[in-house]
Amino acid sequence: MISIEDYSKLQEITVNLKCEIHGKKLDLYCKKHDIAVCVVCISSEHKMCSSSDVISIAEASENAKQSIALSDLDKTISRTLVNVKHCINDQETALKDIEKDERTIKKTIADTRINLQNYLDELERKLLLNLKSTHLSCKTKNIEILHQLKQKENGLIKLREQTLHMKCFASDIEVFLGTCQLNKTIIDNFRSLREEIRECTNNRMELEIHHVISSLMKEVRQFGEIKVIKTNASLQLKDAKIDQAQIQIHRSLQNVGNISLQRKQKIDIEGSEKPFAGCIILPDDRIIIADYFGSGNLMEYGKDGKHIRDISVSTGTVRSYSNRY
């Protein structure tokens with residue numbers, strides 16, 4: 001009996017209890033291939049497996065909650081969660097960096113525009129000062145020439161008035177002498193005027209924009225270019241153990257000094273009088289014996305002490321096996 005809350009949690013467990021190939025119930029387990037199978041699988045894919053390799057799923061799953069595989073699975077999930085969290089933190093940091101880059105670029109664009117505007121304002125100020133100075137210089141020269149010409153004009157007007165007065169009121173002698181003198185004055189004034197006009201220039205002003213500024217308006221089509229710099233994420237993921245055998249975990253550890261040995265089973269081995277190099281008891285209670293000094297084979301025995309088979313291997317393999325165990 002379990003609570004409804006616990007039963008609802010069981011509904012979330014996605015464990016396939018049927019064979020994906022034949023649709024039959026998974027009620028057997030092949031130790032050789034480390035896989036749960038159905039009765040049809042035994043006669044097809046596992047027909048070469050010995051009867052000792054195929055056990056019931058109930059026997060294989062005994063004490064599964066205390067197996068090393070379940071413990072490693074929990075550790076693997078924990079490590080994977082740590083790795084995923086690390087990746088999430090990395091992407092969140094990258095997202096923050098992108099937002100920061102956007103703000104930085106916006107500020108750079110605004111600062112560049114302000115600096116460019118200030119620089120153009122300074123160039124405009126200098127150009128206006130140059131315009132004012134040039135305009136004043138040209139204007140001064142024209143005023144001087146105009147003043148001289150008006151003086152000439154006033155002098156000629158006075159000479160013409162003198163000529164009219166002399167014609168109306170002077171005697172013939174005064175007219176004769178005055179005409180000679182006025183002609184000489186007129187000739188001198190004409191020569192002076194000709195020299196002044198020869199050196200006189202009419203000045204005009206025009207503006208020539210710097211070719212870089214002209215090309216800026218013609219050739220520059222965009223303020224700048226946004227580039228994406230790609231770098232590999234430096235993520236150091238912790239290795240996770242996978243595909244571990246379902247070996248049972250002994251919850252409580254005892255001091256070796258407090259352990260008393262008792263013989264559980266006696267196995268009679270025939271065909272060899274020399275000492276064995278080593279042996280090991282597998283999780284399913286099978287026994288592998290290394291007969292290095294005798295036949296040079298590995299001998300397999302069941303948990304009931306009966307001989308199953310001899311495994312023929314090279315001498316180096318038996319030596320390595322005996323050295324390990």
Side-chain angles (χ1 to χ4, degrees), residues 1-38 41 45-46 49 52-101 228-259 279-288 303 320-321 323-325:
M1 300 292 293
I2 61 175
S3 64
I4 296 179
E5 289 78 5
D6 293 339
Y7 179 75
S8 62
K9 295 178 182 179
L10 288 176
Q11 304 301 314
E12 300 176 359
I13 302 176
T14 56
V15 178
N16 189 9
L17 301 178
K18 291 186 178 182
C19 178
E20 296 181 355
I21 302 175
H22 307 102
K24 301 292 184 179
K25 182 180 179 182
L26 298 173
D27 50 5
L28 298 173
Y29 179 78
C30 179
K31 296 184 290 183
K32 182 178 180 180
H33 295 93
D34 189 22
I35 186 173
V37 295
C38 67
C41 293
E45 286 82 2
H46 299 270
C49 300
S52 60
D53 290 332
V54 180
I55 61 177
S56 66
I57 196 70
E59 182 181 355
S61 62
E62 184 178 357
N63 296 324
K65 293 183 179 181
Q66 286 77 38
S67 65
I68 293 178
L70 182 60
S71 176
D72 285 343
L73 175 62
D74 182 63
K75 292 179 181 178
T76 299
I77 294 175
S78 298
R79 291 191 185 98
T80 306
L81 284 174
V82 172
N83 290 332
V84 172
K85 184 63 177 177
H86 184 49
C87 294
I88 291 175
N89 292 336
D90 180 77
Q91 291 302 309
E92 288 178 347
T93 302
L95 183 59
K96 292 180 181 178
D97 292 339
I98 291 176
E99 298 296 332
K100 182 180 178 182
D101 291 341
V228 178
I229 303 174
K230 296 182 179 181
T231 56
N232 294 329
S234 57
L235 297 176
Q236 299 294 333
L237 302 182
K238 298 180 179 179
D239 294 334
K241 295 182 179 180
I242 57 175
D243 296 337
Q244 296 292 332
Q246 298 193 32
I247 304 175
Q248 297 176 1
I249 299 176
H250 299 285
R251 290 294 182 180
S252 60
L253 299 178
Q254 298 181 4
N255 191 316
V256 68
N258 299 330
I259 298 177
C279 68
I280 183 174
I281 300 177
L282 300 180
D284 57 358
D285 293 334
R286 286 182 299 154
I287 301 174
I288 303 295
K303 62 181 180 179
S320 175
Y321 193 88
N323 291 335
R324 291 174 58 190
Y325 303 102

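All values derive from a computational prediction rather than experimental measurement. Below, all heavy atoms of this structure are taken into account, side chains as well, without hydrogens, waters or symmetry copies.
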Among Ile280, Asp53, Ile281, which residue meets the side chain to side chain contact (heavy atoms under 4.5 Å, CB included) test with Arg286?
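The single option meeting the side chain to side chain contact (heavy atoms under 4.5 Å, CB included) with Arg286 is Asp53.
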Please tell me if the side chains of Leu282 and Lys31 come closer than 4.5 Å, counting only heavy atoms from C-beta onward.
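Leu282 does not reach Lys31 side chain to side chain.
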So which heavy atom on Cys49 is nearest to which on Val54, and how close?
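Heavy-atom minimum between the residues: CB-CG2, 4.4 Å.
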Tyr29 and Val37: which non-hydrogen atoms are nearest, and at how many Å?
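In this case the closest contact between Tyr29 and Val37 is N-CG2, 4.3 Å.
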Can you measure from [atom1] ([X]) to [atom2] ([Y]) and round to the nearest 0.5 angstrom?
X	Y	atom1	atom2	result
Lys85	Glu92	NZ	CD	6.0 Å
Ile55	Ser61	CD1	OG	8.5 Å
Ser78	Leu73	OG	CG	9.0 Å
Leu95	Ile88	CG	CD1	13.0 Å
Gln91	Lys96	CD	NZ	13.0 Å
Leu28	Ile57	CG	CD1	7.5 Å

Which residues share a salt bridge (charged side-chain N to carboxylate O under 4.0 Å, His left out) with Glu59, sequence neighbours left out
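Checked Glu59 against salt bridge (charged side-chain N to carboxylate O under 4.0 Å, His left out); matches are Lys303.
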Applying side chain to side chain contact (heavy atoms under 4.5 Å, CB included), can you list everything that pairs with [X], at least two apart in sequence or on another chain?
X	answer
Lys25	none
Leu26	Cys19, Ala36
Lys100	Arg103, Thr104

Of all residues at least two apart in sequence or in a different chain, which pass the side-chain hydrogen bond (donor to acceptor under 3.5 Å, both in side chains) check with Ser52?
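If we apply the side-chain hydrogen bond (donor to acceptor under 3.5 Å, both in side chains) test to Ser52, skipping adjacent residues, the hits are Ser50.
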Evaluation steps, side-chain contact (heavy atoms from CB on, under 4.5 Å), between Asp72 and Arg79:
CA-CA 10 Å; Asp72 285 343; Arg79 291 191 185 98; 6.0 Å; no
With His33 via ring-ring contact (aromatic ring centres under 6.0 Å, His included) - residues at least two apart
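By the ring-ring contact (aromatic ring centres under 6.0 Å, His included) rule, His33 matches His46.
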